[in-house]
Amino acid sequence: MTLNVSDLRIARGGLPVLEGISFVLKPGAALILRGPNGIGKTTLLRCIAGLQPALSGQITGGEEQIAYAAHSDGLKPALTVTENLRFWADVFGTRSIKHALEAFDLTTLRDRPAGALSAGQKRRLGLSRMLVTGRAIWVMDEPTVSLDQSSVALFAAAVRAHLGAGGSALIATHIDLGLEAEILDVGPYKAAPLAFDDFDGGFL
Amino acid sequence: MSIWEYANPRKFLHSSERVMPYLWVSSGVLMAVGLIWGFFFTPDDYRQGSTVKIIFLHVPAALMAINAWFMMLVASLIWVIRRHHVSALAAKAAAPVGIVMTLIALATGAIWGQPMWGTWWAWDPRLTSFLVLFLFYLGYIALWEAIDNPDTAADLTAILCLVGTVFAVLSRYAVNFWNQGLHQGASLSLDEKENVADAFSNPLYVCMVGFGLFFLAMVFYRTGTEIRARRIKALLARQRQEA
Amino acid sequence: MIALLLRDLRLAVRAGGGFGLGLAFFLIVTVMVPFSVGPESELLARIAPGVLWLGALLSCLLSLDRLLALDWEDGSLDLLATAPLPLEAVVSIKALAHWITTGLPLVLAAPVLGILLNLPLEGFRWVVISLFLGTPALSVIGTFGAALTVGLKRGGLLLSLLVMPLYVPTLIFGAEVARRGAMGMGVETPVLMLAGISAAVIALMPFASAAVLRINLR
């Protein structure tokens with residue numbers, strides 16, 4: 001379950017944004033992505049999650065192993081906290097949602113409709129989804145947005161527990177989570193513009 | 001040398017610009033000859049009088065309306081399989097030409113139908129099928145216009161073209177079945193094959209070839225425009241990225 | 001898969017889910033018809049099967065733009081695409097949920113509205129049968145249209161423009177069954193054609209819808 005990324009080149013809206021990205025994510029390890037806004041962190045994570053194809057390079061070891069958390073949480077405001085979480089547990093074929101509720105301190109909110117939660121509470125619910133996927137590699141895009149300090153601590157604890165259980169995590173964030181993690185600054189990997197004399201010359 | 005070399009935009013532009021003058025001139029000459037021959041040097045039909053001569057516009061336009069869609073289908077397939085941008089842009093370029101041909105066929109059909117059938121429009125299977133084809137063109141063009149990212153637009157319209165073709169053929173049979181049911185029968189339908197006498201067929205063939213070459217020239221011309229527009233868009237995006 | 005179906009059904013009946021709106025629209029369209037063509041009962045009886053079919057088609061169309069757009073906006077579609085469910089299954093289930101919440105109620109309501117339109121007695125059976133066979137095709141084809149336009153801000157009108165031509169064969173055969181049935185004519189051929197279209201569309205269309213959705217998620 002080692003995620004292996006080698007010489008990845010990715011594009012957003014037809015324009016190459018990052019190239020030469022290589023890393024290995026072993027079980028029990030975490031990797032933090034850093035880099036200025038708009039450099040292509042989200043695009044990189046979407047590529048790794050399998051949502052969009054890379055221009056070139058290889059991603060191996062991630063098949064059916066990745067749980068992805070995007071900017072938006074995919075919550076249904078009309079469903080309660082339990083129903084939202086139960087749905088994802090069913091989709092991923094796991095049973096229990098109790099530990100996820102507890103890990104993110106959602107037990108007292110369990111019967112509230114997700115639409116009535118605050119932004120931070122929604123985020124916690126979205127993150128607790130990672131626990132019910134039962135997948136080993138967490139790929140997360142800015143998970144701490146709109147979380148307060150105590151919630152960030154809850155999240156860091158959840159990630160630490162996940163790593164301790166042999167999972168791994170790839171997180172794009174600017175906050176120091178207090179994890180023993182490698183840091184990959186993608187800034188230097190900014191892609192050079194395409195050469196003009198490509199086959200589809202100047203077409204992107 | 002492989003035919004796929006022409007999928008390079010630069011090579012395509014270069015070659016198409018060389019053949020286009022010949023295409024414009026030959027299609028213009030053929031269309032003029034065919035139409036003048038057809039309009040002024042053929043006898044009046046004993047039953048339909050001189051109104052029959054609209055056939056020289058109607059039939060070639062109808063022919064090109066269908067063939068334009070067929071060309072788009074082939075170009076879409078090439079894009080889906082080999083991902084040559086020129087192919088996708090050629091499909092995009094052909095659609096407006098196709099829809100105009102469909103409109104010409106429908107309009108001349110109505111003008112022909114008025115004196116013949118006493119009505120501008122009848123829900124004849126053939127007419128109805130062309131109306132449905134017109135709707136398919138409309139949807140295809142609208143989808144191209146609606147999507148910003150050119151590659152996404154090419155992919156989505158290609159799939160719409162493939163799916164649409166299946167449904168267009170299905171509609172053709174459905175419409176045939178539907179009109180047999182209760183509406184007027186063969187008295188109002190036209191079977192061109194049986195109607196056309198030799199005196200008409202020769203200028204008709206000239207017109208058909210003329211229309212075909214004209215379509216080809218239009219598609220080359222419009223594809224060139226699309227390629228340039230695409231390149232401008234790409235350069236602007238590149239500039240934004242570097243800024 | 002059942003979880004997704006249950007979730008969609010639950011969402012439809014919860015507040016703001018829009019369940020029943022399609023049905024109400026069907027009712028209102030049917031009621032408007034006599035106002036526009038006149039109350040003459042013979043005329044109404046003759047056009048009743050076609051009106052019911054057109055009403056059903058329009059109600060189906062109306063609810064399509066929410067089918068995938070809501071999941072797209074709140075990010076569930078991204079997450080579903082990374083889940084163990086294949087997208088083909090996701091779009092099939094979505095179409096099924098749409099049929100259960102929109103198509104099936106229309107089938108059940110059609111006979112009641114048939115009374116309003118003075119539908120001949122023999123017609124009731126065939127109107128219901130044709131709608132029952134045809135509405136699943138409408139939902140599945142509509143899902144394809146919804147997948148095509150999912151990323152667009154104002155996709156609703158475009159969606160109708162794209163989907164309507166694809167509805168032509170289903171509408172023709174479906175309405176033909178209902179019309180012939182109401183006139184006491186043989187319906188075997190159109191029934192078989194309608195069922196054939198539905199079966200083929202249910203079997204093949206999800207692949208096209210999923211392919212389109214993948215492109216849009218990119």
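Hydrogens, waters and symmetry mates are skipped; everything else that's a heavy atom, side chains included, is used.
- For the set Asp71(C), Leu6(C), Ile2(C), the entry with the most heavy-atom pairs within less than 4.5 Å of chain A is Asp71(C).
- Between Glu88(C) and Arg214(C), at least one side-chain nitrogen of the basic residue sits less than 4.0 Å from a carboxylate oxygen of the acidic one, meeting the salt-bridge criterion.
- Ring geometry, Phe132(C) versus Trp99(C): the interplanar angle exceeds 60°, so the pair is classed perpendicular (tilted spans 30 to 60°).
- For Leu79(A), the parts lying under 4.5 angstrom from a heavy atom of chain C are both the backbone and the side chain.
- Contacts of Ile66(A) with chain C are made by backbone atoms alone, with heavy-atom separations under 4.5 Å and no side-chain atom involved.
- Using modelled atom types and a 3.5 Å distance limit, the side chains of Trp53(C) and Ser130(C) yield a donor-acceptor pair.
- Asp141(A) and Thr42(A) share a side-chain donor-acceptor pair at under 3.5 Å.
- Of all the listed residues (Arg86(A), Arg46(A), Arg12(A)), the one sharing the greatest number of non-hydrogen pairs under 4.5 Å with chain C is Arg46(A).
- Only the backbone of Asp73(A) comes within contact range of chain C, with at least one heavy atom under 4.5 Å from a heavy atom of that chain.
- Most heavy-atom pairs under 4.5 Å with chain C: of the set Gln52(A), Glu64(A), Glu83(A), this distinction falls to Glu83(A).
- Listed options Leu70(C), Leu77(C), Leu80(C) were ranked by heavy-atom pairs under 4.5 angstrom with chain A; first place goes to Leu80(C).
- In terms of non-hydrogen atom pairs under 4.5 Å with chain A, the most contact-rich of Leu217(C), Asp78(C), Leu4(C), Ile215(C) is Asp78(C).
- Of all the listed residues (Gly75(C), Ala83(C), Pro84(C), Ser76(C)), the one sharing the greatest number of non-hydrogen pairs under 4.5 Å with chain A is Pro84(C).
- At a threshold of 4.5 Å between non-hydrogen side-chain atoms, the residues Leu61(C) and Met164(C) count as touching.
- At most 12 non-hydrogen atoms from other residues, nucleotides or ligands lie less than 6.0 angstrom from CZ of Phe207(C).
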Using side chain to side chain contact (heavy atoms under 4.5 Å, CB included), reason through Leu21(C) and Phe25(C) one step at a time and then give a plain yes or no.
CA-CA 6 Å; Leu21(C) 271 182; Phe25(C) 182 78; over 6 Å; no
